[in-house]
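If you read the sequence from its start, that first residue is 1, and numbering goes on from there. Just so we're clear, the structure is a prediction, and the values are computed from it rather than from any experiment.
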Amino acid sequence: MKALYRHSLFMLAMMLLLLCLACTAHAYDSKPDLVLKGDIHSSDNHTYHPVSFTVPPNVNRITVQFDYTGRDQRTTIDLGLLGPDGFHGQDGFRGWSGGSKKIFTLSATDATPSFLPGVIRPGRWTLLLGIPNIRPNITAQYTANIWFGHPGDPAWLPEVLNPPLRREAGWYRGDLHMHGAHSDGSCVSQSGSQRVPCPLFLTIDAAIQRGLDFIALSDHNSVSQANDMRELQPYFNRLLLMPARELTTFYGHANLFGTDEPVDFRVGSTAVPDWNALLREVAKLHGLISINHPIRPDDETCMGCGWAPEKPVDMHLVQAIEAVNGIDAMLPDTGIPFWQHLLDQGYRLTAVGGSDNHDAKLSLTQPGGAFIGIPTTVVHASELSMPAILAGIRAGHVFIDVAGTRDRMLELTASAGQQNAEMGDALIVSTGESAHFTVKVSAPDGARVEMLVDGKPWQPNADLAVHGPLNRLFDWPSDGKRHWIRANVRGAAGELLLVGNPIYVNVDGGRANG
């Protein structure tokens, strides 16, 4: 009866989670807030046609999708935007794209190229339509779909502005930690004469050369890189660029993903007395937090780099731990023990990796460097989009490729009764019953799968040596207690190649971390 009761609780939690996700999807409906329609006549040729609309209070982004008929008759309508001050004034002319763009956006942090970022003031704004050509006796119809963003909206809205780069489910490889010109990233200038702030396109090019599917631009406390991303993402449409930042405090660092809104990072100040205050603010923005390099020294060699909050932190407000930073997987300051200690305490935190690259021009032949894509965080996601990648990380559907290869794989799945789980998921397995595990690995010959139960090695009744693609099934007998079970893959010399996230057994319901 006890096992049945716990299973019922588990199923109820899953139903509530699905209901919550459905409610969230409905709340973030991508339908436009305004639809403006009108006609352009031949008498409008060589004129400027204003189309005004009202921006309500508490709006921090305007997105416009514009289209018109008559292109087959050589009708041309150019497009611009005026703020509430008309053409002149502190918030007047905000941009002109001619006829080159069917969609544009602007906010305080970023804007589509040819438009200016800045505060969105409430009042009467104007689409400025320029008519360089419309033939006699012709009428064209235009439609402007307008979305208003609000503080706290996820960064991927509206979806029409941020469509998925690929719509198929799969394992997507990325780097979640890097720096460029918008913080302390530097590289040798074109002439080779000096070090200069390293431009973002070099980071993107290096990520493409590494075969990555996504990167997070995580400059220190800054969101200014979001403006460059508006220019670069349409061209680099095979590599997902995710806004991020490294919240850099005197008491630890953490990456924030999924929002480009300003966040007060001054932990220890009157405004932000402790990490809990900062984390609660991030939660309002639907952000995902990952504690970075938690075991780094916290001294003059790396001030604030280690995780050293003065007050206890509510770890339920954290979603991930950077378990591998750069090449530290086998070093004393790796974050893996820190992460596993939190797992032992009952937190369901996802292990991720990040290169912490500060020089996009680093060559792989340079010893000891933090190279883009090493390590690689590999995420099982429903599509290649920011919400899908972040959802995969939140769910724990992740493993870390320590060397940042293009093809090494680790999949751990389990079943018990009608329940199925992959890394990050949970199962209820009563005393005396067994969970049926499957591990699939692609790694160099001579490697071996290492199974861990609550951080301790456990040898199943199966050969876990790698000789070609590995696909092994084995059972794990349950004692009815709470456990976490995960896999590593080690090379022939014992070095870590792949770090897997756990499957949780007999937890108390849904994910413990938001």
Side-chain angles (χ1 to χ4, degrees), residues 163-180 185 187 198-218 229 232-244 255 257 322-329 351-367 369-386 388-390 392-393 397-411 423 440-445 447 466 468-469 489 491 495-501:
L165 299 192
R166 295 179 225 162
R167 293 193 177 271
E168 64 269 17
W171 289 96
Y172 293 107
R173 313 178 86 87
D175 190 339
L176 294 174
H177 191 169
M178 55 188 60
H179 302 275
C187 54
C198 210
L200 180 54
F201 78 88
L202 289 176
T203 296
I204 294 173
D205 185 65
I208 290 170
Q209 297 304 314
R210 295 288 299 161
L212 300 181
D213 301 304
F214 65 89
I215 56 174
L217 290 312
S218 57
M229 291 164 61
L232 295 167
Q233 182 68 91
Y235 177 79
F236 293 101
N237 61 354
R238 295 180 179 175
L239 178 71
L240 177 66
L241 310 181
M242 300 200 307
N255 271 358
F257 308 97
E322 189 181 66
V324 182
N325 175 279
I327 58 173
D328 74 0
V352 299
S355 68
D356 207 353
N357 175 266
H358 283 68
D359 182 350
K361 295 179 72 173
L362 273 180
S363 167
L364 290 175
T365 61
Q366 294 175 252
F371 309 109
I372 287 175
I374 299 178
T376 295
T377 300
V378 191
V379 181
H380 193 211
S382 61
E383 61 185 16
L384 183 55
S385 68
M386 179 165 37
I389 293 296
L390 296 183
I393 294 172
H397 301 165
V398 172
F399 70 88
I400 305 168
D401 185 336
V402 172
T405 72
R406 295 173 185 244
D407 55 2
R408 291 178 185 172
M409 288 294 300
L410 170 59
E411 295 184 71
M423 289 182 289
K440 298 180 181 179
V441 170
S442 293
D445 286 354
V466 177
V489 177
E495 73 276 17
L496 270 176
L497 302 180
L498 304 172
V499 178
N501 272 279

Review point. Got a sec, which residues hit side chain to side chain donor-acceptor pair (under 3.5 Å) with Arg173, two or more places apart in sequence or on another chain?
Key: Asp401

**Study point:** Any residue meeting side chain to side chain donor-acceptor pair (under 3.5 Å) with Arg238, in chain and number order, not counting sequence neighbours
**Key:** none

Measure the spacing between [atom1] of [X] and [atom2] of [Y] and express it to the nearest 0.5 Å.
X: Ile204; Y: Met229; atom1: CD1; atom2: CE; answer: 8.0 Å
X: Glu383; Y: Arg166; atom1: CD; atom2: CZ; answer: 12.0 Å
X: Ile389; Y: Met242; atom1: CD1; atom2: CE; answer: 6.5 Å
X: Leu217; Y: Leu176; atom1: CG; atom2: CG; answer: 11.0 Å
X: Ile215; Y: Leu200; atom1: CD1; atom2: CG; answer: 6.5 Å
X: Glu411; Y: Phe399; atom1: CD; atom2: CZ; answer: 7.5 Å

Give the minimum heavy-atom separation between [X] and [Y], together with the two atoms involved.
X: Ala360; Y: Ala206; answer: O-CB, 3.8 Å
X: Pro375; Y: Ile400; answer: CB-CG2, 3.8 Å
X: Leu498; Y: Arg408; answer: CD2-CB, 3.8 Å
X: Leu496; Y: Ala329; answer: CD1-O, 3.8 Å
X: Val398; Y: Ile393; answer: CG2-CA, 3.9 Å
X: Val466; Y: Val441; answer: CG2-CG1, 4.1 Å

Would you mind reporting whether [Y] and [X] have side-chain heavy atoms less than 4.5 Å apart?
X: Leu497; Y: Val402; answer: no
X: Pro164; Y: Leu384; answer: no
X: Met386; Y: Pro243; answer: yes
X: Gln233; Y: Leu240; answer: yes
X: Thr376; Y: Thr405; answer: no

Practice item. Consider only side-chain N and O atoms of Asp356 and His179, and report whether a donor and an acceptor are under 3.5 Å apart. Key: yes

Check your understanding: Is Arg210 salt-bridged to Asp175, going by a charged N under 4.0 Å from an acidic O?
Key ->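 Looking at Asp175 together with Arg210, the answer is no, because their closest N to O distance does not fall below 4.0 Å.
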
Exercise for review: Could you tell me whether a side-chain N or O of Ser355 sits under 3.5 Å from a main-chain N or O of Ala370, the two making a donor and an acceptor?
Suggested key: no

Point to revise | Check: Gly468 main-chain N/O paired with Asp445 side-chain donor or acceptor under 3.5 Å | key: yes

Practice item. Flag yes if more than 12 heavy atoms outside Lys440 fall under 6.0 Å of its NZ atom; otherwise flag no. Key: no

Review point. Angle class for the Trp171/His380 ring planes (parallel below 30°, perpendicular above 60°, tilted otherwise)?
Key: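 Correct class here is parallel.
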
Practice item. May I have the step-by-step check of side chain to side chain contact (heavy atoms under 4.5 Å, CB included) for Asp359 and Cys187, ending in yes or no? Key: CA-CA 5 Å; Asp359 182 350; Cys187 54; 3.1 Å; yes

